[in-house]
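Okay, structure first, notes after.
A note on names: the letters A, B, ... follow the listed sequences, proteins ahead of strands, and every chain is numbered from 1.
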Number of protein chains: 2
Amino acid sequence: MAKSPATGPRGRDKGQRAAPELSKAQIVETGLRLIDEEGLQGFSVRSVAKALGCYPTAIYWYTPSRHFLIAEIVTIILRDVVPTAELEWQDWLRALLTRYRAAIARHPNAAPLIGVNLVSNASVDVDLLEGLLTKLHQAGFRDDALIDAYNAVVGAMVGFTTQEFAMEPPDADDLQGYLKGFPAGIDAARHPMLARMAGPMMGRSFILRWQNGATRPMDGAFALYVDAFVAGLEALLSRADR
Amino acid sequence: MAKSPATGPRGRDKGQRAAPELSKAQIVETGLRLIDEEGLQGFSVRSVAKALGCYPTAIYWYTPSRHFLIAEIVTIILRDVVPTAELEWQDWLRALLTRYRAAIARHPNAAPLIGVNLVSNASVDVDLLEGLLTKLHQAGFRDDALIDAYNAVVGAMVGFTTQEFAMEPPDADDLQGYLKGFPAGIDAARHPMLARMAGPMMGRSFILRWQNGATRPMDGAFALYVDAFVAGLEALLSRADR
DNA sequence: ACCTGAACACCGTTCAAGT
DNA sequence: ACCTGAACACCGTTCAAGT
């Protein structure tokens, strides 16, 4: 008489159907787990199906395409980036960029999915939009300038971190070997500044690194970046006041 | 007796070999052309081979992997982004970011290749490194702060533009349809700011767009972004002075 | 409603063989 | 030295069929 616990929400006393073996949530979670554990190249519709013990085509009953599956995964990753509303706009912006970076740092292999695809750019989080627009309005931006400021902030938020967590090449050792020999080949007469800095920069700077932010975080650069951007917005606003 | 014009540099008077049919430059140019004309998904080792009328495996005589081929393509795209040295550091930085964006705008489909891959991040352009370090040194950054500033600038340079030219989904029409209905669904009581701004923002803002910068450039946002970033660096430097 | 199963048109890359 | 040719282990997605 009593429904078996395995029976799904559509289970009836008579004419019962078996509960679905799969669910959308399970598929999305499995996808994210594969990205975390195996890297981006370990994630595919087929590998998700394999991990769930079903045919690849079964996935398509729950999601219309690879793109949409990725969008769902991104939504989970960016679930809690919106700061509390009581912060001053400068602190709120700093918190937003920092929380976004922290979210990516928890799932570094997923970073390329967000910066690069229009859709998963941030699967329309209304609270993020409302919060950001409100704070920028409080700061003093209006009309077209408000839209520009919104775009500048989103660009700043996603841009740096996407870079920091860029994909390492499959043959990272070769790259390391090449870069380690790089400083010795610099012509100090033609490139004096580079000759002096290449050593200390090696391994912890854009262009001159072979690992990404997952193993070599760029905390100092990020802090400077955020401080500069927010201070710059303040400067522009105070200029416009006059 | 005379060498035929088709004979390559290794051609000898005796024991001649036929000139190679392919060349690295030709392969790289073909790859870039395919990206420009067909989009990123029209570019593959196999499609390059097809366009050149050879077997896919012939490509591997000239380049060790897909990754390296992409790095070569990126090098061509970013050939001329370094501004002239006589500019003041603020103008030099603005010119750098603007020239980078212009270079991507000429090959918008290639944008995701740069922001996302560690290697092709900018295939070690020594003049870019030297120029940037010199200007930041002139600005007043030293030691670790110089490295941080370098990374902040590269992050700012690549980050915004990568976003602006993010990949449109294959089913952009669906996205457009979804987003056009989005403003009507906003609860104005809970999200008043968004309710007011969603209309004017639609189609020309991150998250709320279905086309990228190739068709809908974000000039105003980019200008604000660059001005804020440079003004922010100035502000940080003058604070540190005291 | 939910999943199996076969099939299509692709990938990047390796390895042996030709000339 | 330079390229052909076959092969391997993958992709995302469609479509028909089962239960």
Side-chain angles (χ1 to χ4, degrees), chain A residues 6-12 14-27 30-31 34-35 38-73 113 117 119-120 167 169-171 174, chain B residues 6-12 14-27 30-31 34-35 38-73 113 117 119-120 167 169-171 174:
Chain A
T7 306
R10 279 163 274 80
R12 301 286 166 81
K14 293 208 168 172
Q16 289 187 344
R17 297 194 143 277
E21 303 268 327
L22 296 169
S23 73
K24 187 171 187 168
Q26 193 187 118
I27 290 169
T30 304
L34 284 174
I35 290 172
E38 320 273 353
L40 250 192
Q41 77 276 45
F43 165 78
S44 66
V45 175
R46 292 182 111 102
S47 67
V48 170
K50 195 171 195 177
L52 290 169
C54 68
Y55 275 71
T57 47
I59 305 293
Y60 284 82
W61 204 89
Y62 294 92
T63 183
S65 72
R66 179 180 203 272
H67 255 86
F68 273 76
L69 176 51
I70 288 175
E72 304 270 3
I73 293 172
L113 297 178
N117 294 306
V119 180
S120 56
M167 290 185 79
D171 44 11
D174 295 0
Chain B
T7 305
R10 279 163 274 81
R12 300 286 165 82
K14 293 208 166 174
Q16 290 188 344
R17 296 193 143 277
E21 303 269 326
L22 296 170
S23 73
K24 188 172 187 171
Q26 196 188 140
I27 290 169
T30 304
L34 284 174
I35 290 172
E38 320 275 352
L40 250 192
Q41 77 276 45
F43 164 78
S44 65
V45 175
R46 290 181 111 102
S47 67
V48 169
K50 195 171 195 176
L52 290 168
C54 68
Y55 275 70
T57 47
I59 306 291
Y60 283 82
W61 204 89
Y62 294 91
T63 184
S65 73
R66 179 180 205 271
H67 255 86
F68 274 75
L69 177 51
I70 288 175
E72 305 269 5
I73 294 173
L113 297 178
N117 294 306
V119 180
S120 57
M167 290 184 79
D171 45 10
D174 295 1

Check the distance between [N]'s [atom2] and [X]'s [atom1] and give it to me in whole angstrom.
X       : N      : atom1 : atom2 : answer
B:Phe43 : C:dG12 : CZ    : C1'   : 11 Å
A:Tyr55 : C:dA7  : OH    : P     : 12 Å
A:His67 : D:dC11 : NE2   : P     : 18 Å
B:Gln41 : D:dT13 : CD    : P     : 12 Å
B:Ile27 : D:dC2  : CD1   : C1'   : 11 Å
B:Phe68 : C:dG12 : CZ    : P     : 16 Å
B:Lys50 : C:dC10 : NZ    : C1'   : 10 Å
B:Arg66 : C:dT14 : CZ    : C1'   : 18 Å

Salt bridge (Lys or Arg N to Asp or Glu O under 4.0 Å) involving A:Lys24 - partner list, sequence neighbours excluded: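 Salt bridge (Lys or Arg N to Asp or Glu O under 4.0 Å) check on A:Lys24 returns A:Glu72.
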
Please list, one pair per line, the donor and acceptor atoms closer than 3.5 Å that link side chains of residues 45-59 of chain B to other protein atoms, with sequence neighbours excluded.
unit_1  : atom_1 : unit_2  : atom_2 : d
B:Ser47 : OG     : B:Gly42 : O      : 3.0
B:Ser47 : OG     : B:Ser44 : N      : 2.8
B:Ser47 : OG     : B:Ser44 : O      : 3.0
B:Ser47 : OG     : B:Ser44 : OG     : 3.3

Considering all heavy atoms, the nearest B:Leu113-B:Asn117 contact: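 In terms of heavy atoms, the two residues are closest at O-ND2, 3.1 Å.
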
B:Leu22 versus B:Tyr62, closest heavy-atom pair with distance: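 Smallest heavy-atom distance, with atoms named: O-OH, 3.1 Å.
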
Distance test, side-chain N/O of B:Ser44 to OP1/OP2 of C:dC10, below 4.0 Å: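 No, B:Ser44 has no side-chain N/O under 4.0 Å of OP1/OP2 on C:dC10.
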
Sugar-phosphate, base or nothing in reach of A:Arg46, heavy atoms under 4.0 Å: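 Result for A:Arg46 = base.
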
B:Asp171: side chain to side chain contact (heavy atoms under 4.5 Å, CB included) partners, not counting sequence neighbours: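 Partners of B:Asp171 under the side chain to side chain contact (heavy atoms under 4.5 Å, CB included) test: A:Phe68, B:Pro169, B:Asp174.
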
A:Gln41 side, atom CD; A:Ile35 side, atom CD1 - distance, nearest 0.5 Å: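 It comes to 10.5 Å.
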
Interatomic spacing from CD1 in A:Ile73 to CG in A:Leu69 - rounded to 0.5 Å: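 These two atoms lie 4.5 Å from each other.
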
Watson-Crick and G-U pairing of DNA chain D, under 3.5 Å, as dot-bracket with | and [ ]: ||.|||||...|||||.||

Selection: residues 56-63 of chain B, any non-hydrogen atom under 4.0 Å of DNA chain C: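 Of all residues in residues 56-63 of chain B, the ones placing a heavy atom under 4.0 Å from DNA chain C are B:Thr57, B:Tyr60.
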
Residue met sooner reading DNA chain D from 5', once B:Leu22 and A:Ser47 are mapped to nucleotides: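 Closer to the 5' end of DNA chain D: B:Leu22.
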
